[in-house]
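Everything below concerns the one structure shown next.
Counting starts at 1 for both ligands and their atoms, in listed order. What's counted below: heavy atoms across the whole structure, side chains too, no hydrogens, waters or symmetry copies. For clarity, every value in this text was computed on a predicted model and none was experimentally measured.
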Amino acid sequence: MTECELVIRGGVVVTASDVLHCDVGISGERITALAEHLEGRQVIDAKGMLVLPGGVDSHCHVEQLEADGSIHEESFETAAISAFAGGTTTIIPFAPQFKGELLHGPLADYRCRAKRSPIDYALHQIITDPSENVLEQELPALAAAGMRNLKVFLTYDPFHLDDGQFLRVLSAAKKIGALVSVHCENYEAIRWRSEALLRAGRPEPASHAISRPKVVEREATYRAIALAELVDQPIHIFHVSCAEVAEEIARAQRRGVKVTGETCPQYMVLTAGDMARPGFEGAKFMCSPSPRLKEDADGLWAAIRNGTLDIISSDHCGYSYDGDKGKRLNGTDADFTNIPNGVPGLAARMAITFSEGVVAGRIDLNTFVCLTATNPAKRYGIYPRKGTIAPGTDADLVLWDPQRRVTLTNALMQHAIDYTPYEGLEVTGWPVMTIARGRIVMDKADVQTTPGSGHFLASAVTDGARPRGLVPDGFDAALA
Ligand code: URP
Ligand code: ZN
Ligand code: ZN
């Protein structure tokens, strides 16, 4: 057998379907062999370690410009450091669009920023203004360039689409083979409750959760699914916070509608109660949808086990707590409607999922790999290059110590943000080495990155994004 350049020897290789006791051979940027007793010019001893596909974080906000001119503090360079520290080797962040504008300006700017990325990336394109030009000229060009992942918001003031706009995006996506990922919360309901909370003199961060209870998320999820069914366009529901929302997805899945869903670590280990910490501290935990109650995590794990939810993303957001850019962008006295939403979690995603999932006995190792690597790669059209361990695929691997007990601290996250909402959380299982396209990028927390070495990953049309060919009464309004 030919000698490999690098051999990972003696670990337990885990993929979406298998647990194998074998070596992994790497030459150049690819995996070249899976076998026992491989020889290599460089050999890494992985005894006692799990050898997993590098994580794919399919929902994270990196260096993203916002409508108010602010920018997410995590740059492509710092995001890569944090991702590698946590065992993730591919990210899918978001190119923005601003109302009244076309896509190409902000996209060109974003792709220019992404050129410095040390980590491989695909892209989502946010659609906030689905004008005729955007839908008919720009989206087909984007798809041809390998950007087939669209994100829309059904809430948030500078972003949200009304039902007519959403239907037009779904129709355009159907024509170009794109997948539409949706932030599901009811815009008017949140506005109505928020105004009432402010009138009642309750501006503190804890009111965030009260402004958007589960039913607000559930209604928007049901509506998104119904409109997607009307168009016959597959959709993916972002950041599902509770079992009640997962139930809407499951009901649709049972009748054959092509809808999938994800959740995030914040819904497993944070609660609405965290936003009630004294003073402004609750802002550290503020994200949308809101974290719920402790017992809601069990419902999410059940939805994962029965296959309703099949991805865990971080929804990483780059907002620091101190200073005047992040959470305090609008001042320390800002009411809950004016505090930037989102929590950082790039480096914590895999460890929390492993600890709360595998170690707690809720899921098996294969499901862990599916949730954190294989399914996101498949969903967004970058599999099998990413998300698995097999000859011919990119040599993206993480050596995982399943026994290591770690107390999460902000220093361990290695991100640009000055806090982690998971400070003090104890996890079992931790990444000890990350390999990206054959190069060791993290060794015992020491991360080495090269700006510009990350590749843009074009997304292929996936089976999951193909319409079913079923429209009500046989009339396809999207194609008429
Ligand atoms: O609170 C959140 N999730 N902020 C990030 C933007 C989004 O909604 O995904
Ligand atoms: Zn969202
Ligand atoms: Zn997000």
Side-chain angles (χ1 to χ4, degrees), residues 57-68 70-74 79 91-98 110 121-128 149-161 166 169 179-187 190 194 205 207-209 211-212 216-217 220-221 224 235-242 245 260-268 270 272 274-275 282-292 309 311-321 326-327 329 334 336-346 348-349 376 379-380 415 417 421:
D57 194 342
S58 54
H59 177 174
C60 46
H61 300 270
V62 173
E63 216 171 322
Q64 184 184 316
L65 204 57
E66 294 290 352
D68 61 7
S70 66
I71 188 158
H72 285 249
E73 292 161 67
E74 206 73 74
I91 58 171
I92 314 186
F94 296 81
Q97 186 200 5
F98 305 110
Y110 199 65
Y121 62 96
L123 292 174
H124 295 278
Q125 174 65 59
I126 293 174
I127 309 287
T128 59
N149 309 318
L150 310 180
K151 156 120 198 227
V152 300
F153 294 87
L154 302 186
T155 193
Y156 286 143
D157 249 326
F159 303 120
H160 90 281
L161 301 188
F166 182 43
V169 172
L179 180 69
V180 181
S181 298
V182 193
H183 178 124
C184 293
E185 290 184 293
N186 182 305
Y187 171 74
I190 294 170
S194 298
S207 290
H208 179 267
S211 73
R212 51 215 318 141
V216 162
E217 185 185 351
T221 304
I235 56 169
H236 176 75
I237 310 295
F238 269 164
H239 42 46
V240 171
S241 73
C242 59
V245 170
T260 52
E262 68 178 30
T263 187
C264 314
Q266 47 271 43
Y267 303 112
M268 303 301 194
L270 302 182
D274 286 312
M275 281 187 283
K284 287 182 177 174
F285 308 91
M286 186 183 287
C287 57
S288 295
S290 171
R292 308 292 180 191
L309 305 178
I311 290 177
I312 294 189
S313 71
S314 71
D315 194 6
H316 178 93
C317 276
Y319 296 119
S320 280
Y321 181 63
K327 292 286 183 184
L329 186 69
F336 69 92
T337 66
N338 280 312
I339 298 171
N341 281 201
V343 296
L346 262 174
R349 178 185 71 113
R379 179 89 6 98
Y380 293 105
H415 53 206
I417 314 307

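- A distance of 12.5 Å separates OH in Y267 from CG in L309, rounded to the nearest 0.5 Å.
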Evaluate side chain to side chain contact (heavy atoms under 4.5 Å, CB included) for S194 paired with F336, printing each intermediate quantity in order. CA-CA 9 Å; S194 298; F336 69 92; 3.7 Å; yes
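- Residues meeting the side chain to side chain donor-acceptor pair (under 3.5 Å) test with N149, sequence neighbours left out: S459.
- Ordered by chain and number, H59 NE2, H61 NE2, D315 OD1 make up the set of protein N, O or S atoms under 2.8 Å of the Zn ion (ligand 3).
- Taking the six-membered ring for Trp and the full ring otherwise, F94 and H72 have centroids separated by 6.0 Å or more.
- Here salt bridge (charged side-chain N to carboxylate O under 4.0 Å, His left out) pairs that include residues 282-292, with residues two or more places apart or in two chains, are E217-R292, E281-K284.
- None of E185, H183, Q266 except one satisfies the side-chain hydrogen bond (donor to acceptor under 3.5 Å, both in side chains) rule with H239; the exception is H183.
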Start with the C-alpha gap between S181 and Y380, add the side-chain angles, then the distance that decides, and say whether side chain to side chain donor-acceptor pair (under 3.5 Å) holds. CA-CA 10 Å; S181 298; Y380 293 105; 3.0 Å; yes
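- Between H415 and H316, the two ring planes are tilted [angle within 30° to 60°].
- Side chains of T260 and H236: a donor on one and an acceptor on the other come within 3.5 Å.
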May I have a table of the N/O to N/O pairs between ligand 1 and the protein that fall below 3.5 Å, each row giving the two atom names and the distance to 0.1 Å?
residue: ligand 1; atom: 1 (O); partner: Y156; partner atom: OH; Å: 3.4
residue: ligand 1; atom: 1 (O); partner: S288; partner atom: N; Å: 2.7
residue: ligand 1; atom: 1 (O); partner: G342; partner atom: N; Å: 3.3
residue: ligand 1; atom: 3 (N); partner: S288; partner atom: O; Å: 2.9
residue: ligand 1; atom: 3 (N); partner: D315; partner atom: OD2; Å: 2.6
residue: ligand 1; atom: 4 (N); partner: N341; partner atom: O; Å: 3.2
residue: ligand 1; atom: 8 (O); partner: Y156; partner atom: OH; Å: 3.1
residue: ligand 1; atom: 8 (O); partner: H183; partner atom: ND1; Å: 2.9
residue: ligand 1; atom: 9 (O); partner: H59; partner atom: NE2; Å: 3.4
residue: ligand 1; atom: 9 (O); partner: H61; partner atom: NE2; Å: 3.3
residue: ligand 1; atom: 9 (O); partner: K151; partner atom: NZ; Å: 3.2
residue: ligand 1; atom: 9 (O); partner: D315; partner atom: OD1; Å: 3.4

